[in-house]
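Working notes for the structure below.
What you are looking at is a predicted structure, and each value in this text was computed from that prediction instead of being measured. Proteins come first, then strands; the chains are lettered A, B, ... in the order of their sequence lines, and each starts at number 1.
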Amino acid sequence: MNKYLVITIRFLGDRYHGRTKNGGEHEWPPSPLRLFQAIVAGASTRWHDAQIHAREIAALEWFEELEPPHIIAPIAHVGKPLLKYVPENVSDIDPEKRDAKFSRPTLFVGQPIVVYYWPITPDHENHAKTIANCSRHCHTLGWGIDMVIGNGNLMENEPCDANGEKWLPRTQTSNGITLRTPCHGTMKQLQARFSHSLKRIDPKEGRNPVPPLSAYRNVSYQRETEPTPRPIAVFALLKPDASGFRAFNTVQKAFIVAGMMKCAVKLAAEHAGWSSSDIDKFILGHGEPEGSSGHVPVGPQRFAYLPLPSIEERGEGKARVVGSVRRILLTTFADGSQDKIVWARRVLSGQELIDEKTKEPVACLSLIPTNETIVQYYLRPASSWTTVTPVVLPGYDDPAHLWRRLEHVTTSEEQRRLLGRLANRIDGLIRKAILQAGYSKELAENAEIEWRKTGFLPGTDLTMRYGIPDHLQRYSRYHVMLRWRDANKRLVKVPGPVCIGGGRFFGLGLFVPTPDNKKPQ
Amino acid sequence: MTKSELLRKYDMLLNEDGPAAIVLKQWLKPVGGDIIFPPTYAAPSQKKGDPPVYNIDRYGETTILRKTFDREGKAQTFMDAERTEQGREHSVCIVDSIQSQANRIEPEYGNAIADGKLVPRVIIKVKIKNDKGEEEEKIVNLLEAGHRAADAIVRFSSPLGDELKKAIEARKNGDSMPLARIAPTSLIFGMWDSRDTGVKVPRLFNSIIRAYDVFEYRRSAQYFPAIDYEAAGVTVEKGEKGLKKLADEGMAEVPATFGLGGIEARGGICREASLNLVTLRDIVTFVKKSENENEIDKEKSREETLKLQRYLLGLGLVSLTWFDGKTLNLRQGCQLVADPKKVMTRLYIYADGTEAEAKIDRDSAIEYAKETARAFEVSAKVYEATFDSKKAKEALKKKQESSQEVK
């Protein structure tokens, strides 16, 4: 049975000074490459003993080739930059001469313990034990003032993340970070660089700079609670003659725009030779055969068409107001459909949106970059989100007809009880909608939620005024404000687009980030 | 307790399965009022005229302040406000940095701690010209050299420079005894011989003083001259130029507005210090079987290593406890004493995170350190060296030549 090699680093201070890219960027958590170097630095003090040296070098060469570890680290904040002037220490010529030295530490909140762990097969346990022992000689991680206590163990179970956030290596992430990790050849290069550094100042030749370390990999990391970013394609809605934006009223026309977009994609797919079953499932979202009366859902493996209302800053205080739809975003709520989004980006520019009734083109699509300001409103990671279009609940909010019973209730206690049941039911349905949209159980269970029939943002309307597909008419809809939190009640930044509820494939239940302290009541 | 028992008193800290570190937490309070003055630093913008700053970090959940405005006689509030105030929940200010604390403790070994008998007395004589152009001799104690055994004052002195270079080379090869014989505090507080051998010696001891949940204050002042100098016949041109001339000589009113006015630490002030025993246990020495042989005498090496580690442990324990019960007079407006309402804690921390109380105080640390210094045979002789300015100039010349070659 596999075990885990677990290396624990406990900082003796409240901050960490390590940075990456030559000090230019904040680095948190400390990279696996930095840990590797710290272990080597600590262990090497005993390498005057040839036996220890041989054993540990072999183990380190095995260690450098392991897959990137999982990391559990406390939440951290970037400290303010600090400029110090330190003695330059050249000679007697100017003893008062000072060199400017910048620091910008990372401060951690909570227990200052970082845990790195790797799964280990039984045949590698000896090397793993050697590495565990080496890690107990770690004395610093970061700058020389970042003193630590290192510990290593082989454990049966995966460490839990009660005291920190778990960071996982990802193949693709847009809001994650990049950490350097060791690879084949890192140990050899470290040894070569160390030998070189001891000779970098030669009495005859002068300075002999040490070349930078190049034997490492850059690996993307993301917090476990952060959902994998969705592949997206965003299009501007232009007038048919492409002379300018074509605006659609958000309240009445947004879902119609989504419908027109669906038809345009279907047409393009037919021209591209997609099979009819793929078109039915992925583009139209129909699992049932053509002509059949019942609707069979296909799950998340399908396109979602999200009309994006403009967010306009209006008025004296530049309040953000939800405006008309001038853009549309194409995405999926499932993994593994990146290729279809890439296809859509390539072929849909120039496609027309055709009015179902008049059969006339009413707009044409033009691919736009995702870093456009309005698009970024919907994509940037944030912990607080508010609806621009209402969430259609994925179920009946009042199956027991409690609203009817409330009309006849005479005591306030009974009224409170029934309202509480209603509230719990709605709360449960919204959390179900969050799960159905592909978010983790942890996020669904711990989000702070507020809902009501009127919008939270200027420019939104009463939920009953929004145009809704026929098959969703019977479900209640609410405007929702939510604040993402993890199991430890810490705020979590989630990237967009965020769209939940029964109408999420047509842009109903679309959210935009709000300022952080707009707490749900 | 006999001398031999005293020598073995803390041997459990030198065992492989001993604690990884000793950590101290001492709460302090200011003398004479709640407001203290932390160190100031140059503005990170590096722009001339930008005021200095305190080293305060604020973080926590952001708080958005709603923007309100008056319209038609009513206060209106926007749903989404523009102003944010960061970090209402936590703030921490560095009152004395790790480097500063080390620079306060290290010179104390010169005299104040056990009459200077715990470490060798190493002084470097430097001939300097005073303001009148006359040559006079200045004495620099190694304990005061900013870069310790790697300082330029040492590197370019004779015969100390060459001896320390050999000691640092020995350290590079794993033998720390020569360095401990001349500059033991370099092993305690760390050093980096960046300009010569490149050898790095990690610090064993860290100490820092922080203030929590701080409020920053501002202060203003106005200088009033004793008399009206213009009325007394000191005439200057009209306008800003004239005013500046008077102000430069202290003959005009000068305001100093909205300057840094100290902080109030609502969450308390705490000194945290740690002694890294893992690093200490990795400090070793070797004894060869004979002068002509390379083979190591393992038994003797173990004995000498134990002597060396006990000695360094003594210095480390003294560094950890030296400020117990003392006033920390950090700078003007920043005098700190122990807070009797908050108990000081000293803990052994093990590698697996478990903790145990460490019963060590200043007196017992000094008693132990004296005995280990005696067993280590710390030299009572004053080691004198002379700064060689020619050697320094030569090194500078070579540096300039090599940087020109690179260009």
Side-chain angles (χ1 to χ4, degrees), chain A residues 8 10 12-15 41-42 45-48 77-87 89-93 100 102 105 107 109 113 136-140 144-145 147 149-151 153 197-201 203-207 316-320 456-458 491 514-518, chain B residues 20-21 23 41-44 46 55-57 59 61-64 67 69 78-82 84 90 92 98 126 146-147 151-152 156 172-174 190 195-199 202-203 206 208 210 274 276 278-279 282 286 349 351-353 387 389 392-393 395-396 398-399 401-403 405-406:
Chain A
T8 307
R10 177 182 175 145
L12 293 174
D14 70 338
R15 58 195 64 196
T45 52
R46 293 131 58 251
W47 287 354
H48 43 82
H77 299 266
V78 182
K80 60 185 274 181
L82 189 70
L83 177 61
K84 288 186 191 177
Y85 286 90
V86 297
N89 191 29
V90 174
S91 74
D92 62 330
I93 291 191
F102 258 106
L107 282 78
V109 180
I113 295 173
R136 288 185 204 111
H137 293 270
C138 254
H139 44 73
T140 48
I145 49 175
M147 264 183 11
I149 296 173
N151 194 24
N153 279 307
S197 75
L198 297 179
K199 300 173 211 158
R200 67 186 196 145
I201 299 191
K204 289 179 188 152
E205 293 172 17
R207 285 179 191 261
E316 197 179 296
K318 300 285 182 197
R320 289 192 203 151
F456 290 94
L457 295 176
L491 287 175
T514 48
D516 273 350
N517 83 329
K518 290 294 290 291
Chain B
V23 168
Y41 297 88
Q46 292 185 288
N55 184 3
I56 300 175
D57 284 293
Y59 51 94
E61 290 190 9
T62 57
T63 300
I64 307 287
K67 184 163 179 176
F69 65 98
F78 282 113
M79 296 291 283
D80 51 336
E82 290 175 9
T84 64
H90 305 287
V92 59
I98 290 171
V126 188
H147 286 160
D151 199 275
F156 303 121
K172 184 176 80 179
N173 296 325
R195 288 166 182 79
D196 195 350
T197 61
V199 168
R203 56 183 73 221
N206 255 4
I208 189 169
R210 302 184 192 101
S274 49
N276 194 325
V278 169
T279 313
D282 285 340
F286 313 112
I349 312 273
D352 61 2
F387 180 74
S389 60
K393 282 176 191 165
L396 274 182
K398 275 187 190 144
K399 181 181 168 191
E401 280 168 4
S402 75
S403 63
E405 272 176 35
V406 165

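Residue with the most contacts toward chain B among A:D14, A:L12, A:I113, A:T140: A:D14 (heavy-atom pairs, distance under 4.5 Å). Between chain B and the residues A:T8, A:V78, A:L82, the largest count of heavy-atom pairs under 4.5 Å involves A:L82. In terms of heavy-atom pairs under 4.5 angstrom with chain A, the leader among B:G174, B:P44, B:G198 is B:P44. Contact tally against chain B (heavy-atom pairs below 4.5 Å) for A:P81, A:C138, A:P105, A:G42: the top residue is A:P81.
The minimum heavy-atom distance linking B:A20 with A:I149 is given by the pair CB-CG2, 3.3 Å. Heavy atoms only, all atoms of each residue included: B:N173 and B:F286 are closest at O-CE1, 3.7 Å.
Judged by distance alone, with hydrogens and angles left aside, the side-chain atoms of B:N276 form no donor-acceptor pair with the main-chain N or O of B:A21 at under 3.5 Å.
Only the side chain of B:I98 has a heavy atom closer than 4.5 Å to any heavy atom of chain A. At a 4.5 Å heavy-atom cutoff, A:N153 makes no contact with chain B through either its backbone or its side chain. Proximity to chain B involves both the backbone and the side chain of A:L198, based on heavy atoms less than 4.5 angstrom apart. Contacts of A:L107 with chain B are made by side-chain atoms alone, with heavy-atom separations under 4.5 Å and no backbone atom involved. Contacts between B:V199 and chain A at a heavy-atom distance below 4.5 Å involve backbone atoms as well as side-chain atoms. With a threshold of 4.5 angstrom between heavy atoms, A:S197 approaches chain B through N, CA, C or O but not through any side-chain atom. For B:S274, the parts lying near chain A are the backbone and the side chain together; criterion is any non-hydrogen pair under 4.5 Å.
When side chains are defined from C-beta on, B:R203 counts as touching A:I145, because their heavy atoms get closer than 4.5 Å. Under the 4.5 Å side-chain criterion, counting only non-hydrogen atoms from C-beta, A:M147 is not in contact with B:T279.
Considering only residues two or more places apart in sequence or on other chains, B:Y41 meets the ring-ring contact (aromatic ring centres under 6.0 Å, His included) condition with none of them. The side chain to side chain contact (heavy atoms under 4.5 Å, CB included) check on B:D282 picks up A:T45, A:R46, A:H137, B:V278, with sequence neighbours excluded.
Between the CD1 atom of B:I56 and the NZ atom of A:K80 there is a distance of 6.0 Å, given to the nearest 0.5 Å.
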